[in-house]
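Contents: one structure, followed by commentary.
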Amino acid sequence: MPSSARSGNSQPRWLFPFVLIVILILSVLPLARLAWTGMVSALRGDAGQLLADPALWSATLNTLTTSFLGMIAAVVLGGSFAVLLTLFDVRGRSLLGFLFMLPMMIPPQVTALSWIGLTGPSSTLLKAIGMAPPLGSPQPLYSIGGIALLFGVQHAPLVYLAMRSGLLALPKEGVEAARLSGASSVRVLLDIVLPLALPGLVAGAAIAFVSGVGNFGIPAILGIPASIYTLPTLIYSKFASFGPTTFADISIISALITLLAVAGLSVEARVLRGRDFRTIGLSGQAAVFRLGQVRLPAEILLWLVTFVILVLPFLALLASSLAPAYGVPLNMETATLHAYEEVLFRQSVTRSAFSNSVTLALASAFGLLVISVLLGYYIVQTKSRTAATISAMAEIPYALPGIVLAVAFILLLAAPLPILGFSIYGTIWIILIAYLSSFLAVSLKPVVSAYRQLDPSLEEAARLSGAGFYRRMRDVLVPLIAPAAGSSLILVFLIACNELTVSALLWSAGTQTLGVAIYNLDDSGSFDLAAALSVLVVIMVVILMLILELMARRLPAGALPWRR
């Protein structure tokens with residue numbers, strides 16, 4: 001046995017300290033610092049003034065209202081697509097599922113901008129086809145209902161994924177037995193399939209609610225112009241008007257956001273408590289019901305909904321980017337590529353944002369790739385509660401709203417670092433560390449899945465042949481998990497490149513990201529430039545998702561969220 005390994009264990013001695021340090025830096029320390037600041041503020045009485053502020057409770061009510069209504073919209077939309085695409089003989093299910101997942105991968109601020117370009121009296125697309133409302137008409141999306149609607153569109157894929165997983169796990173032979181006993185397809189669907197799919201539906205609803213609570217991009221674009229604040233945008237406004245109690249205030253608001261998120265997940269557990277949803281029989285192949293004569297109308301409806309929530313907003317965004325200014329009618333004479341020339345070649349801010357986002361995304365993707373390969377190996381190979389605890393701690397930052405995570409790292413890293421004596425706050429490094437924390441679970445999941453699918457005898461044979469840890473990783477393990485590692489690399493790059501919520505509080509002059517640049521361009525009135533940059537981001541998202549789709553056959557099950 002190599003000297004670097006522990007007695008009776010194939011792991012090198014440095015692996016556990018490495019794993020421990022990673023989890024401490026990326027999860028334990030920032031969350032502990034956030035909790036400590038909140039408790040100290042409460043004990044000092046600093047919370048009294050904030051809790052007496054009507055703006056806090058107005059933002060709380062707006063957060064609950066938009067998140068709840070958005071959850072309802074997401075359940076209706078995502079649940080309907082999950083049932084129809086999973087259980088029924090709909091043609092083109094794979095393509096529809098892929099397209100339905102796009103809103104989840106597109107940044108929320110881009111979603112908001114595209115819908116603004118689709119509605120209201122200044123819509124370039126509506127003016128081009130002569131359907132724009134009269135000038136002076138209100139923009140309907142600048143409202144609680146508008147925010148909730150886009151929450152529904154953005155988070156419907158989350159419900160779709162959660163419910164589809166439950167539907168795919170149903171035992172097909174149980175459904176066939178019910179049919180043989182004389183039950184109609186409608187009766188089987190209502191009495192057997194949907195009740196057993198309830199856990200997935202409730203889980204999806206809870207995830208949609210929690211995602212709404214922490215969403216920053218949509219309420220920032222739609223709510224701030226109408227003075228409608230949610231808790232994440234209230235944190236942003238508090239941070240923008242920095243004062244002596246800012247850190248105390250944002251730590252308490254962050255705690256409130258976390259409590260709302262936990263409450264949403266607790267409701268899920270309470271709804272399912274005391275119910276037994278175990279099934280007997282083989283699963284993994286969904287029972288397919290025949291639509292018969294209504295198949296064509298159902299397919300038309302599915303494609304129509306996809307067109308409305310995806311294609312039309314993108315066309316509106318494209319039209320806005322080609323118009324010389326926001327609200328100017330688009331025709332052959334007015335169409336121009338000026339906005340693209342501006343964001344690509346003339347605007348130093350957008351060029352810097354593109355460079356920063358790509359650099360951060362690449363550094364996050366490759367950094368997390370190394371961390372995930374080692375951390376995943378430790379989690380799978382270590383049969384103890386320690387490994388389970390570390391796995392859970394790695395997932396907590398991803399489960400928290402991004403704005404809360406950003407606040408945690410501000411509190412942790414605002415002061416000079418111990419021993420080193422300098423601060424990384426205000427630099428690109430704090431954004432990178434926050435990204436590593438936020439996306440660790442995204443990178444880790446497919447790698448762990450790949451490790452679990454490997455035959456342990458492969459590594460054991462290499463170890464007995466005298467191969468050390470590095471040799472086993474290089475020649476045996478890494479080549480076998482390479483497809484999953486590649487998918488995690490692209491997924492992290494895709495998400496990090498379009499991120500806004502975390503970087504909204506962490507950026508400073510020279511460290512703007514694409515998400516921040518899009519928001520700032522819209523906020524400064526340059527809607528055409530924001531639209532052009534958003535179009536480029538959407539194209540990049542689609543290309544990266546297509547690359548992942550081409551890799552799908554070589555990836556472990558569950559590595560790509562939109563695949564069956």
Side-chain angles (χ1 to χ4, degrees), residues 23 26-43 47 50-51 56-57 59-72 74-75 148 151 154-155 158-159 161-162 198-216 218-219 229-235 248-275 388-412 434 437-442 445 501-502 505:
I23 295 300
L26 299 186
S27 180
V28 177
L29 290 179
L31 300 182
R33 184 70 175 86
L34 176 64
W36 174 257
T37 302
M39 287 189 295
V40 169
S41 301
L43 292 174
L50 176 66
L51 295 177
L56 173 66
W57 302 112
T60 303
L61 179 61
N62 291 339
T63 301
L64 289 171
T65 304
T66 54
S67 299
F68 179 77
L69 294 178
M71 177 194 72
I72 298 298
V75 165
F151 276 1
Q154 188 85 26
H155 303 144
L158 298 173
V159 179
L161 289 175
L198 181 62
L201 181 63
V202 174
I207 295 170
F209 176 82
V210 171
S211 299
V213 168
N215 194 300
F216 172 78
I218 290 173
Y229 287 90
T230 61
L231 290 175
T233 54
L234 182 62
I235 287 179
D249 289 349
I250 62 177
S251 65
I252 294 170
I253 299 173
S254 298
L256 184 55
I257 293 174
T258 304
L259 286 176
L260 292 180
V262 171
L265 296 176
S266 300
V267 169
E268 172 200 356
R270 187 173 183 82
V271 168
L272 300 178
R273 184 181 303 164
R275 303 191 185 192
T389 302
I390 286 175
S391 178
M393 292 304 300
E395 293 184 8
I396 288 176
Y398 183 68
L400 288 175
I403 203 87
V404 173
L405 196 63
V407 170
F409 276 100
I410 289 173
L411 295 172
L412 180 67
S437 173
S438 182
F439 308 135
L440 175 58
V442 177
K445 183 177 179 180
T501 307
V502 173
L505 293 185

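Numbering of residues begins at 1 and proceeds along the displayed sequence.
- Among all heavy-atom pairs drawn from Leu69 and Ala148, the shortest one is CB-CB, 3.6 Å.
- Within the model, atoms CD1 of Ile218 and CD of Gln154 stand 4.5 Å from one another, a figure rounded to the nearest 0.5 Å.
- One distance of note links OG of Ser27 with CG of Leu440; it measures 8.5 Å at 0.5 Å rounding.
- Remark: Thr233 pairs with Thr230 by the side chain to side chain donor-acceptor pair (under 3.5 Å) rule, at least two apart or across chains.
- Not one N or O on the side chain of Ser438 forms a donor-acceptor pair closer than 3.5 Å with the backbone of Ala434.
- Remark: Ile250 CD1 to Ile253 CD1 distance equals 8.0 Å, nearest 0.5 Å.
- Not counting sequence neighbours, the partners of Leu256 by the side chain to side chain contact (heavy atoms under 4.5 Å, CB included) test are Leu56, Thr60, Leu231.
- Between Ser211 and Leu158, the shortest heavy-atom contact is OG-CD1, 3.3 Å.
- Contact record, Thr63 with Leu260: CG2-CD1, 4.3 Å, taken as the closest heavy-atom pair.
- Expressed to the nearest 0.5 Å, how far CG of Leu411 lies from CG of Leu31 amounts to 11.0 Å.
- Taken from CZ in Phe68 to CE in Met71, the straight-line distance is 4.5 Å, to the nearest 0.5 Å.
- When all heavy atoms are compared, the tightest approach of Pro397 to Ala394 is CD-O, 3.6 Å.
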Listed pairs under 3.5 Å, donor-acceptor, residues 199-210 side chains, sequence neighbours left out:
none

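- Taking all atoms of both residues into account, the shortest heavy-atom contact from Ile23 to Met393 is CG2-CB, 3.7 Å.
- Side-chain contact between Pro232 and Ile257 is present, with at least one heavy-atom pair separated by less than 4.5 Å.
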Which pairs of donor and acceptor atoms, one on a side chain in residues 403-410, lie under 3.5 Å apart (sequence neighbours left out)?
none

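- For the atom pair CZ (Phe151) and OG1 (Thr66), the distance works out to 4.5 Å, reported to the nearest 0.5 Å.
- Pairing each heavy atom of Ala59 with each of Leu234, the nearest pair is CB-CD2, 3.9 Å.
- For the side chain to side chain contact (heavy atoms under 4.5 Å, CB included) test, residues two or more places apart in sequence or in another chain that qualify with Ala441 are Glu395, Tyr398.
- Contacts of Ser254 classified as side chain to side chain donor-acceptor pair (under 3.5 Å), with partners at least two apart in sequence or in another chain: none.
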